[in-house]
Amino acid sequence: MRIAFLTIATNKYTHFAQDLYNSINIYRNNYPIDLICFTNKADSFSQSGPTKLQTIDTNHIPFPMISLLRYHYYASQEKLLSWYDYISV
């Protein structure tokens, strides 16, 4: 089973996504989980552990628009996401 966990993290919120990634590595119970992060600061992430981290370049839009448009971002990656059995947003 292929599992994807989607998140959006731009500007000052990237450190929260890194913490999320680290937590997934601890509590994933040996399931193969891919973290897909829509971000404008891909270089701020460090990948360590078995969970695959994939970043997708996204421009920062001030709150609340970035939150309101999240499904637009997700739908733009339909081909990538169709490969997964379960997607958590």
Side-chain angles (χ1 to χ4, degrees):
M1 175 180 270
R2 297 294 304 173
I3 302 170
F5 196 102
L6 307 182
T7 190
I8 298 173
T10 59
N11 290 351
K12 64 182 180 180
Y13 295 97
T14 55
H15 75 276
F16 293 117
Q18 182 66 50
D19 292 344
L20 173 66
Y21 172 74
N22 294 338
S23 181
I24 288 172
N25 273 324
I26 294 170
Y27 298 106
R28 67 185 185 86
N29 292 329
N30 293 324
Y31 290 105
I33 298 174
D34 295 349
L35 178 62
I36 300 172
C37 185
F38 294 80
T39 186
N40 63 339
K41 295 186 175 186
D43 58 338
S44 66
F45 293 96
S46 63
Q47 185 165 345
S48 61
T51 301
K52 179 182 169 190
L53 172 65
Q54 181 174 355
T55 58
I56 297 172
D57 191 43
T58 303
N59 292 327
H60 172 72
I61 301 172
F63 181 81
M65 283 306 292
I66 197 159
S67 183
L68 294 171
L69 294 174
R70 68 183 171 272
Y71 293 107
H72 168 76
Y73 295 125
Y74 301 159
S76 72
Q77 297 299 317
E78 179 181 4
K79 187 174 182 178
L80 169 68
L81 298 177
S82 67
W83 190 70
Y84 292 95
D85 300 313
Y86 181 80
I87 300 171
S88 178
V89 294

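In what follows, every heavy atom counts, from backbone to side chain, and hydrogens, waters and symmetry copies are set aside.
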**Q** Indicate the atoms forming the closest heavy-atom contact of Ala42 with Thr55, along with that distance.
**A**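 Distance-wise, the nearest heavy atoms are CB-OG1, 3.4 Å.
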**Q** Please confirm whether the backbone N or O of Phe5 pairs with a side-chain atom of Ser88, one donor and one acceptor, at under 3.5 Å?
**A** no
**Q** Using links of under 4.5 Å between side-chain heavy atoms of ILVMFWY residues, direct or through other members, which residues join Tyr27 in one cluster?
**A**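 Taking Ile, Leu, Val, Met, Phe, Trp and Tyr as members, Tyr27 shares its hydrophobic cluster with Ile26.
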**Q** Are the side chain of Asp34 and the backbone N or O of Ala4 linked by a donor-acceptor pair below 3.5 Å?
**A**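 Absent.
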**Q** With the side chain counted from C-beta on, respond yes when Leu81 and Leu6 share a heavy-atom pair under 4.5 Å apart, and no when they do not.
**A**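 Answer yes - side chains close enough.
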**Q** Rounded to the nearest 0.5 Å, what separates atom NZ in Lys52 from atom OH in Tyr21?
**A**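 Here the rounded value is 11.0 Å.
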**Q** Name all pairs fulfilling the side chain to side chain donor-acceptor pair (under 3.5 Å) condition that reach into residues 68-83, sequence neighbours left out, sorted by first residue then second.
**A**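 Found Ser67-Arg70.
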**Q** Grouping I, L, V, M, F, W and Y whenever their side-chain heavy atoms are under 4.5 Å apart, do Met65 and Phe38 come out in a common cluster?
**A** yes
**Q** To the nearest 0.5 Å, what is the distance between CD1 on Ile56 and CG on Leu80?
**A** 5.5 Å
**Q** How many angstroms lie between atom CD1 of Ile3 and atom OH of Tyr86, to the nearest 0.5 angstrom?
**A**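 Answer rounded to 0.5 Å: 8.0 Å.
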**Q** Enter the distance from Asp85:CG to Met1:CE here, rounded to the nearest 0.5 Å.
**A** 5.5 Å
**Q** If we only count heavy atoms from C-beta on, is the Asn40 to Asn11 side-chain gap below 4.5 Å?
**A**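 Yes, close enough: below the 4.5 Å cut-off.
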**Q** Would the number of heavy atoms belonging to other residues, nucleotides or ligands and lying under 6.0 Å from OH of Tyr84 be above 12?
**A**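 Yes, because the 6.0 Å sphere around OH of Tyr84 holds more than 12 heavy atoms from other groups.
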**Q** Quick one: does Thr14's side chain get under 4.5 Å of Gln18's, heavy atoms only?
**A**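 They are not in contact (no side-chain heavy atoms under 4.5 Å apart), so the answer is no.
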**Q** So, taking the atom named NZ in Lys12 and the one named NZ in Lys41, what distance separates them when rounded to the nearest 0.5 Å?
**A**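 Nearest 0.5 Å value for the NZ-NZ distance: 11.0 Å.
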**Q** Just how far is it from atom CG of Leu35 to atom CZ of Arg28, taken to the nearest 0.5 Å?
**A** 13.0 Å
**Q** State, yes or no, whether a side-chain contact exists between Thr7 and Val89 at a heavy-atom distance under 4.5 Å.
**A**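 Not touching, per the 4.5 Å side-chain cut-off.
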**Q** Is any side-chain heavy atom of Ile66 closer than 4.5 Å to a side-chain heavy atom of Ile8?
**A** yes
**Q** Does Cys37 reach the side chain of Gln54, with side-chain heavy atoms less than 4.5 Å apart?
**A**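 Side chain of Cys37 against side chain of Gln54, heavy atoms only: no contact under 4.5 Å found.
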**Q** Look at atom CG of Asp57 and say whether more than 12 heavy atoms of other residues, nucleotides or ligands are closer to it than 6.0 Å.
**A** yes
**Q** Would you sort out whether Leu69 and Ile61 count as a side chain to side chain contact (heavy atoms under 4.5 Å, CB included), showing the intermediate values?
**A** CA-CA 9 Å; Leu69 294 174; Ile61 301 172; 4.1 Å; yes
**Q** When clusters are formed by joining ILVMFWY residues with side-chain heavy atoms under 4.5 Å apart, either directly or through shared neighbours, do Leu20 and Leu53 land in the same one?
**A** yes
